[in-house]
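These notes are about the structure you will find just below.
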Amino acid sequence: MIVGVIMIVSLIVTRMPQTLRPEPAPAAEITLPASVALPAGTEARAITQSADWIAVVTTDDRILIFTPDGGTLRQEIAITRP
């Protein structure tokens, strides 16, 4: 019985680090709506949208806010790092 408990504990200990380490998420390709045209030389890092606007986070640390219908740039927000 003692050997059985030791075997179970050793299996849990050896298998636990593998299950606690999450797999990295695969890089997803960002697809912009057809109405949005980014400024030249700008790459999208993330995108989100609501009924009134589309926000694009760029790789050069800016947030660009576009109108959803025509893709007109409404606002640009610079992200400052501490």
Side-chain angles (χ1 to χ4, degrees):
M1 199 157 150
I2 293 173
V3 173
V5 170
I6 291 172
M7 291 287 289
I8 291 173
V9 169
S10 66
L11 283 173
I12 290 173
V13 169
T14 58
R15 303 284 178 162
M16 190 65 77
Q18 295 171 356
T19 58
L20 291 180
R21 197 174 326 128
E23 292 292 322
E29 188 173 319
I30 297 171
T31 306
L32 293 173
S35 63
V36 174
L38 293 177
T42 305
E43 277 187 58
R45 180 177 291 164
I47 182 172
T48 188
Q49 73 184 73
S50 77
D52 299 336
W53 48 263
I54 298 171
V56 179
V57 180
T58 64
T59 55
D60 59 351
D61 294 331
R62 293 184 293 160
I63 301 173
L64 306 174
I65 309 293
F66 294 92
T67 58
D69 51 355
T72 306
L73 182 63
R74 286 183 15 190
Q75 186 176 3
E76 181 177 331
I77 303 165
I79 302 170
T80 56
R81 296 181 186 242

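Across all their heavy atoms, Pro68 and Ala51 have their closest contact at CG-O, 3.6 Å. The two atoms that bring Leu38 and Glu43 nearest to each other are CD1-C, 4.3 Å, heavy atoms only. Heavy atoms only, all atoms of each residue included: Leu73 and Glu76 are closest at CD2-OE1, 4.4 Å.
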* Evaluate side-chain contact (heavy atoms from CB on, under 4.5 Å) for Thr42 paired with Arg62, printing each intermediate quantity in order. => CA-CA 10 Å; Thr42 305; Arg62 293 184 293 160; 3.2 Å; yes

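Note on Ile65: it clusters hydrophobically with Val57, by side-chain heavy-atom contacts below 4.5 Å among ILVMFWY residues.
Note: Trp53 CH2 to Arg74 CZ = 9.5 Å, rounded to the nearest 0.5 Å. Atom CD1 of residue Ile79 and atom CZ of residue Arg45 lie 7.5 Å apart, to the nearest 0.5 angstrom.
At least one side-chain heavy atom of Pro33 sits less than 4.5 Å from a side-chain heavy atom of Ile54. In this structure the side chain of Leu32 reaches within 4.5 angstrom of the side chain of Ile47, judged on heavy atoms. In this structure, Thr58 and Leu64 have side chains that are in contact, with non-hydrogen atoms separated by less than 4.5 Å.
Applying the 4.5 Å side-chain rule to ILVMFWY residues, one finds Val3 in the same cluster as Met7.
At least one donor-acceptor pair under 3.5 Å links the side chain of Thr67 to the backbone N or O of Thr72.
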